[in-house]
Student: 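Have a look at the structure that comes next, please.
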Amino acid sequence: MANLVLSECGVRPLPRIYATPRSSFLSTNKPTSFKFRQSPSSSSLNLRLNSRNWALNVSTPLTVDSSSSPPIEEEPKTQRFDPGAPPPFNLADIRAAIPKHCWVKNPWKSMSYVVRDVAIVFALAAGAAYLNNWLVWPLYWIAQGIMFWALFVLGHDCGHGSFSNDPRLNSVVGHLLHSSILVPYHGWRISHRTHHQNHGHVENDESWHPMSEKIYKGLDKPTRFFRFTLPLVMLAYPFYLWARSPGKKGSHYHPDSDLFLPKERNDVLTSTAWWTAMAALLVCLNFVMGPMQMLKLYVIPYWINVMWLDFVTYLHHHGHDDKLPWYRGKEWSYLRGGLTTLDRDYGLINNIHHDVGTHVIHHLFPQIPHYHLVEATEAAKPVLGKYYREPDKSGPLPLHLLGILAKSIKEDHFVSDEGDVVYYEADPDLYGQIKVTAD
């Protein structure tokens, strides 16, 4: 029997102009058919409806052929973003989005930051020594510790070559800045280059990379206590310079370390000599000014600088709300590893330490000078999409990061020995072991 249409005019064959109805108009999952038998005495049934009650004025098929209806299209489910999935863009796409002037290095501008920071360092020291008041000293230690850290950041730019295009200028300024805070410039520069070239790789990364479960379980109790207890872990940097991270051998001061190639031997020796000269100068000043004055003027700010360095560098690779991946083998690439780094907002400190919080673009393109990183980051965000994690806004001081740090130290202990895409895992028994050790 031909399909019939119930209309204001009665029952009639379905014209060709009516599209085949979708079954989605039905209220149940099982298709329902509406069938009317024709009277034996009549070949058609004339149903008259009152037009005043046919409010929608539509035509509805009396018989629905569900076999010819297309399947019901379900609403697409929102898929959870997988940070370990390969991104739909490449490094060239990000580079193309960054304005060309962001790549330009201005040595005069770079030197102006050095002059500014060095002048502040000497002014703070002179003012604190002149006042010599115990109400002033704590304020001085905090301020000078931040400025020592700012000097490190400028020397860091020298190591990347983003300070200027002149390697000799970069080397001289880098040595002066880093040696003043007891960092061996070339030794650090080379290991930091390794860090950037292998960021996000479980075994090959150099700085704040995760320990495998096997290495973690092989740690002695004092090392485990130091590594996962605040604030002790924030004092790690000088020890890292001497002996690197657990599972790695060598020293930033020794030219025969696994960190360095034979051709880099002279560079390492040069930086170690500069470091030794600075250490000797501090010893001499200790005799001239007295140990207590040196403690107040240099030693305490130095350790605050170390805490800032560890605090910042740790949080650039840890502590996101969602666990971020670490890679091995074929899953690792320079781009995927770089995209696991994090930007952070440090409030008023952003300008003082030269926008070091713009870490993602810096890791991908370390040649960009620090004074262009904010603009470069904004330009790259549309390309990065969800692979860029917007940092939490800070108040004047980045106190919100203290809770993030503490949470990460408690939860991010090791990664699996197997797998090419792995995530941090927690040792549920760690702090019970630490308590026993402390007792």
Student: Yes or no on side chain to side chain contact (heavy atoms under 4.5 Å, CB included) for Arg344 and His359, after CA distance, side-chain angles and deciding distance?
Tutor: CA-CA 8 Å; Arg344 297 293 187 185; His359 197 65; over 6 Å; no

Student: Quick check for you: to the nearest 0.5 Å, what is the distance between Leu282 atom CG and Met289 atom CE?
Tutor: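 It is 10.5 Å, given to the nearest 0.5 Å.
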
Student: Check whether the side chains of His186 and Asn266 place a donor and an acceptor atom closer than 3.5 Å, and report yes or no.
Tutor: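 No, Asn266 and His186 have no side-chain donor paired with an acceptor closer than 3.5 Å.
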
Student: Side chains of Leu232 and Phe225: closer than 4.5 Å at any heavy-atom pair?
Tutor: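 Result yes, sub-4.5 Å side-chain heavy-atom pair found.
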
Student: Mind checking whether Phe89 and Leu384 have side chains closer than 4.5 Å, heavy atoms only?
Tutor: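 Heavy-atom side-chain distance check passes, below 4.5 Å.
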
Student: Identify the heavy atoms of Ile349 and Pro398 that sit nearest to each other, and give their distance.
Tutor: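 Heavy atoms only, the tightest pair is CG1-CD, 4.2 Å.
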
Student: Between Asp427 and Tyr216, is there a side-chain donor-acceptor contact under 3.5 Å, judged purely by atom types and distance?
Tutor: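 Asp427 and Tyr216 do have a side-chain donor-acceptor pair below 3.5 Å.
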
Student: Angle class for the His175/Trp274 ring planes (parallel below 30°, perpendicular above 60°, tilted otherwise)?
Tutor: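 Rings of His175 and Trp274: tilted, as their planes differ by 30° to 60°.
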
Student: Could you pull out the closest heavy-atom pair between Pro83 and Tyr387, with the gap in Å?
Tutor: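 Closest heavy-atom pair between Pro83 and Tyr387: O-CE2, 3.9 Å.
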
Student: Could you tell me how the ring of Tyr424 sits relative to the ring of His318: parallel (under 30°), tilted (30 to 60°) or perpendicular (over 60°)?
Tutor: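 Tyr424 and His318: tilted rings.
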
Student: What class does the angle between the rings of Trp188 and His178 fall in, given that below 30° is parallel, 30 to 60° is tilted and above 60° is perpendicular?
Tutor: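 Plane angle over 60°, so perpendicular.
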
Student: With a sphere of 6.0 Å drawn around CZ of Phe81, does it hold more than 12 non-hydrogen atoms of other residues, nucleotides or ligands?
Tutor: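 More than 12 within 6.0 Å, yes.
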
Student: Using the side chain to side chain contact (heavy atoms under 4.5 Å, CB included) rule, take Trp103 and Ile98 through it: C-alpha gap first, then chi angles, then the decisive distance, then the call.
Tutor: CA-CA 9 Å; Trp103 303 87; Ile98 298 174; 3.8 Å; yes

Student: For the rings on Trp242 and Phe239, is their centre-to-centre separation under 6.0 Å?
Tutor: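 Distance test on ring centres: not under 6.0 Å, no.
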
Student: Quick one: does Thr358's side chain have a donor or acceptor within less than 3.5 Å of a partner on Asp355's backbone?
Tutor: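 Judged by distance alone, yes, a pair lies under 3.5 Å.
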
Student: Just to verify, which of His354, Arg189, His362 counts as forming a side chain to side chain donor-acceptor pair (under 3.5 Å) with His156?
Tutor: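 Passing option: His362.
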
Student: When you check the side-chain N and O atoms of Asn170 and Ser164, is any donor under 3.5 Å from an acceptor?
Tutor: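 The answer is yes; a qualifying pair exists.
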
Student: Taking atom types as modelled, find out whether His353 and His370 have a side-chain donor-acceptor pair closer than 3.5 angstrom.
Tutor: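 There is no such pair (donor and acceptor under 3.5 Å, judged by atom type) between the side chains of His353 and His370.
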
Student: Could you give the distance from CG (Asn198) to OG (Ser207), rounded to the nearest 0.5 Å?
Tutor: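 That separation rounds to 12.0 Å.
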
Student: Tell me, please, whether Tyr431 has Lys410 positioned over its six-membered ring: NZ or CZ under 6.0 Å from the ring centre and within 45 degrees of its axis?
Tutor: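 No, Lys410 does not sit over the ring of Tyr431.
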
Student: What distance do Thr313 atom OG1 and Tyr240 atom OH have between them, rounded to the nearest 0.5 Å?
Tutor: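 Thr313 atom OG1 to Tyr240 atom OH measures 9.5 Å (nearest 0.5 Å).
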
Student: Do Tyr388 and Asp343 get their side chains close enough for a donor-acceptor pair, meaning under 3.5 Å?
Tutor: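 Per modelled atom types, Tyr388 and Asp343 side chains form a pair under 3.5 Å.
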
Student: So, for Gln144 and Val121, which heavy atoms are closest and what is the spacing to 0.1 Å?
Tutor: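 In terms of heavy atoms, the two residues are closest at NE2-O, 2.9 Å.
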
Student: For the residue pair Tyr185 / Ser171, report whether a side-chain donor-acceptor contact shorter than 3.5 Å exists.
Tutor: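 The answer is no; no qualifying pair exists.
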
Student: Can you list the steps and then say if His199 with His195 is a side chain to side chain donor-acceptor pair (under 3.5 Å)?
Tutor: CA-CA 5 Å; His199 47 209; His195 166 55; over 6 Å; no

Student: Rounded to the nearest 0.5 Å, what separation is found between the CE atom of Met294 and the SG atom of Cys284?
Tutor: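 Atom-to-atom, Met294:CE and Cys284:SG are 10.0 Å apart.
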
Student: Return yes if a side-chain donor-acceptor contact under 3.5 Å exists between Glu331 and Tyr327, otherwise no.
Tutor: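 Per modelled atom types, Glu331 and Tyr327 side chains form no pair under 3.5 Å.
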
Student: Give me the atom names and distance for the closest heavy-atom approach of Ala380 to Ile94.
Tutor: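 Scanning both residues completely, I find the closest heavy atoms to be CB-CG2, 3.9 Å.
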
Student: Using side chain to side chain contact (heavy atoms under 4.5 Å, CB included), reason through Leu430 and His413 one step at a time and then give a plain yes or no.
Tutor: CA-CA 9 Å; Leu430 171 64; His413 299 152; 3.4 Å; yes

Student: When you measure from the side chain of Asp345 to the backbone of Pro391, do you find a donor-acceptor pair of N or O atoms at a distance under 3.5 Å?
Tutor: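 Not confirmed, Asp345 side chain does not pair with Pro391 backbone.
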
Student: Kindly compute the distance separating OG1 (Thr377) from NE2 (His372), expressed to the nearest 0.5 Å.
Tutor: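 If we round to the nearest 0.5 Å, Thr377:OG1 and His372:NE2 are 12.5 Å apart.
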
Student: So do Val202 and His209 actually touch side chain to side chain, heavy atoms under 4.5 Å?
Tutor: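 SC-SC contact between His209 and Val202 ruled out.
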
Student: Under 3.5 Å, is there a donor-acceptor pair between the side chain of Ser179 and the main chain of Leu176?
Tutor: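 It does not hold such a pair.
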
Student: Suppose we call two aromatic rings close when their centres sit under 6.0 Å apart. Are Phe163 and Tyr113 close by that rule?
Tutor: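 No, they do not, as the ring centres are separated by 6.0 Å or more.
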
Student: Is any side-chain heavy atom of Thr340 closer than 4.5 Å to a side-chain heavy atom of Trp326?
Tutor: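 With C-beta onward as the side chain, the pair stays apart.
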
Student: Take Val233 and Asp310, measure what side chain to side chain contact (heavy atoms under 4.5 Å, CB included) needs, and give me the verdict at the end.
Tutor: CA-CA 8 Å; Val233 66; Asp310 283 324; over 6 Å; no

Student: Do other residues, nucleotides or ligands put more than 12 heavy atoms under 6.0 Å from Trp134 CH2?
Tutor: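 Check passes, neighbour count above 12.
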
Student: For the pair His192 and His196, name the ring-plane relationship: parallel under 30°, tilted 30 to 60°, perpendicular over 60°.
Tutor: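 If you compare the ring of His192 with that of His196, the planes turn out perpendicular.
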
Student: Just so I know, are the side chains of Trp275 and Val183 near enough to count as touching, which here means a heavy-atom distance under 4.5 Å?
Tutor: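 No, their side chains stay 4.5 Å or more apart.
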
Student: Do His316 and His363 pass the ring pair (Phe, Tyr, Trp, His ring centres under 6.0 Å) test, and can you show the C-alpha distance, the side-chain angles, and the key distance before you say yes or no?
Tutor: CA-CA 10 Å; His316 283 164; His363 245 271; 8.4 Å; no

Student: Under a 3.5 Å distance rule, please check whether Arg389 uses its side chain to pair with a backbone N or O of Leu342 as donor and acceptor.
Tutor: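 No; zero donor-acceptor contacts below 3.5 Å.
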
Student: Does the ring pair (Phe, Tyr, Trp, His ring centres under 6.0 Å) test come out yes or no for Phe148 and Trp308, once each step is laid out?
Tutor: CA-CA 9 Å; Phe148 280 10; Trp308 264 104; over 10 Å; no

Student: Between Ser162 and Pro366, which heavy-atom pair has the shortest distance, and what is it?
Tutor: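 Looks like CB-O, 3.5 Å.
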
Student: Quiz question: by atom type and distance under 3.5 Å, do the side chains of Trp332 and Asn204 form a donor-acceptor pair?
Tutor: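 Note: Trp332 and Asn204 side chains miss the donor-acceptor criterion.
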
Student: Out of His252, Lys248, Glu206, which one pairs with Ser191 under the side chain to side chain donor-acceptor pair (under 3.5 Å) rule?
Tutor: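 Checked His252, Lys248, Glu206 against Ser191; only one passes side chain to side chain donor-acceptor pair (under 3.5 Å): His252.
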
Student: Do other residues, nucleotides or ligands put more than 12 heavy atoms under 6.0 Å from the CD atom of Glu418?
Tutor: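 Atom CD in Glu418 is not packed in, count stays at 12 or less.
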
Student: Assess, by modelled atom type and distance only, whether the side chains of Glu375 and His101 contain a donor and an acceptor separated by less than 3.5 Å.
Tutor: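 Distance-only check passes for Glu375 and His101.
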
Student: What distance do Asn305 atom CG and Tyr237 atom OH have between them, rounded to the nearest 0.5 Å?
Tutor: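 So the gap between those two atoms works out to 9.5 Å.
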
Student: Can any side-chain N or O of Asn132 pair as donor or acceptor with the backbone N or O of Ala129 at less than 3.5 Å?
Tutor: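 Side chain of Asn132 to backbone of Ala129: no pair is present.
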
Student: Please tell me whether Asp220 and Thr223 have a donor and an acceptor in their side chains that are separated by less than 3.5 angstrom.
Tutor: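 Yes.
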
